[in-house]
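Have a look at the structure below before the remarks.
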Amino acid sequence: MEPNHGASPQTSAAPYSLVVSNTTYGNGQSITVTLNNTSQGIPFEGFLIQARAVGGHKPLGTFQVSDSAAQTLTCNTANSAVSHTSDANKTHIQVTWLGPKTKETIEIRATVVQSAKVYWVSVQSPKLSYSGGVRLLAPALSQLLLGTSVLLLALLTV
């Protein structure tokens, strides 16, 4: 995830952060991912965002974009990364990540380009743990509805 800009990445703390809407995920669960500048007045020109298992290199999950400043990319699998569409200055970008079937601990990672020769790699989100997500809600909801139906039937027969 390092651009070929003819310069080395910055070693100082990045003035950017990745914020996630949830730190747990399930198969197909939507997580909002926001790349922000953390210092006023320091926009970025470019970015590359990907989700990976902690310590891993293979992209996991898929991304969706709704902003014309972002586009999905294919890195091994379709829509497995997000990048910029132009080098216009940005202060934040928001995308949606859909959790994979894997049960690994995942982090969202970004490379953020402030200018052609100034960039940071491995800007990381908080870690995301597998929770089973929305797929686990269906059985619980079915049991609740069944229990409610039995209770209503018992009350009607009294």
Do [X] and [Y] belong to the same hydrophobic cluster, where Ile, Leu, Val, Met, Phe, Trp and Tyr are linked whenever their side-chain heavy atoms lie under 4.5 Å apart, directly or via other members?
X	Y	result
I106	L98	no
V54	V123	no
V118	I93	yes

Taking all heavy atoms of [X] and all of [Y], pick out the closest pair and write down the distance.
X	Y	value
S83	F47	OG-O, 3.0 Å
H84	G46	ND1-CA, 3.3 Å
Q50	A81	NE2-CB, 4.0 Å
S125	V20	CB-CG1, 3.8 Å
S131	G26	OG-N, 4.3 Å
L18	I108	CD1-O, 3.4 Å

So does V121 get a backbone contact from the side chain of T111, meaning a donor-acceptor N/O pair under 3.5 Å?
no
Calculate, to the nearest 0.5 Å, the distance between atoms [atom1] and [atom2] belonging to [X] and [Y] respectively.
X	Y	atom1	atom2	answer
L128	Y25	CG	OH	8.0 Å
L73	I49	CG	CD1	10.5 Å
S8	Y119	OG	OH	6.0 Å
S17	H92	OG	NE2	12.0 Å

Please list, chain by chain and in numerical order, all residues satisfying side-chain hydrogen bond (donor to acceptor under 3.5 Å, both in side chains) with T24, sequence neighbours excluded.
N22
What residues, two or more places apart in sequence or in another chain, satisfy side-chain hydrogen bond (donor to acceptor under 3.5 Å, both in side chains) together with Q94?
T34
Sequence neighbours excluded - side chain to side chain donor-acceptor pair (under 3.5 Å) pairs with any residue from residues 55-79:
T72-N79
Can you list every side chain to side chain donor-acceptor pair (under 3.5 Å) pair that touches residues 98-107, not counting sequence neighbours?
T102-E104, E107-R109
With sequence neighbours excluded, what pairs up with Y16 under the ring pair (Phe, Tyr, Trp, His ring centres under 6.0 Å) test?
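With sequence neighbours excluded, Y16 shows a ring pair (Phe, Tyr, Trp, His ring centres under 6.0 Å) to F44, W120, given in chain and number order.
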State, yes or no, whether a side-chain contact exists between V19 and N36 at a heavy-atom distance under 4.5 Å.
yes
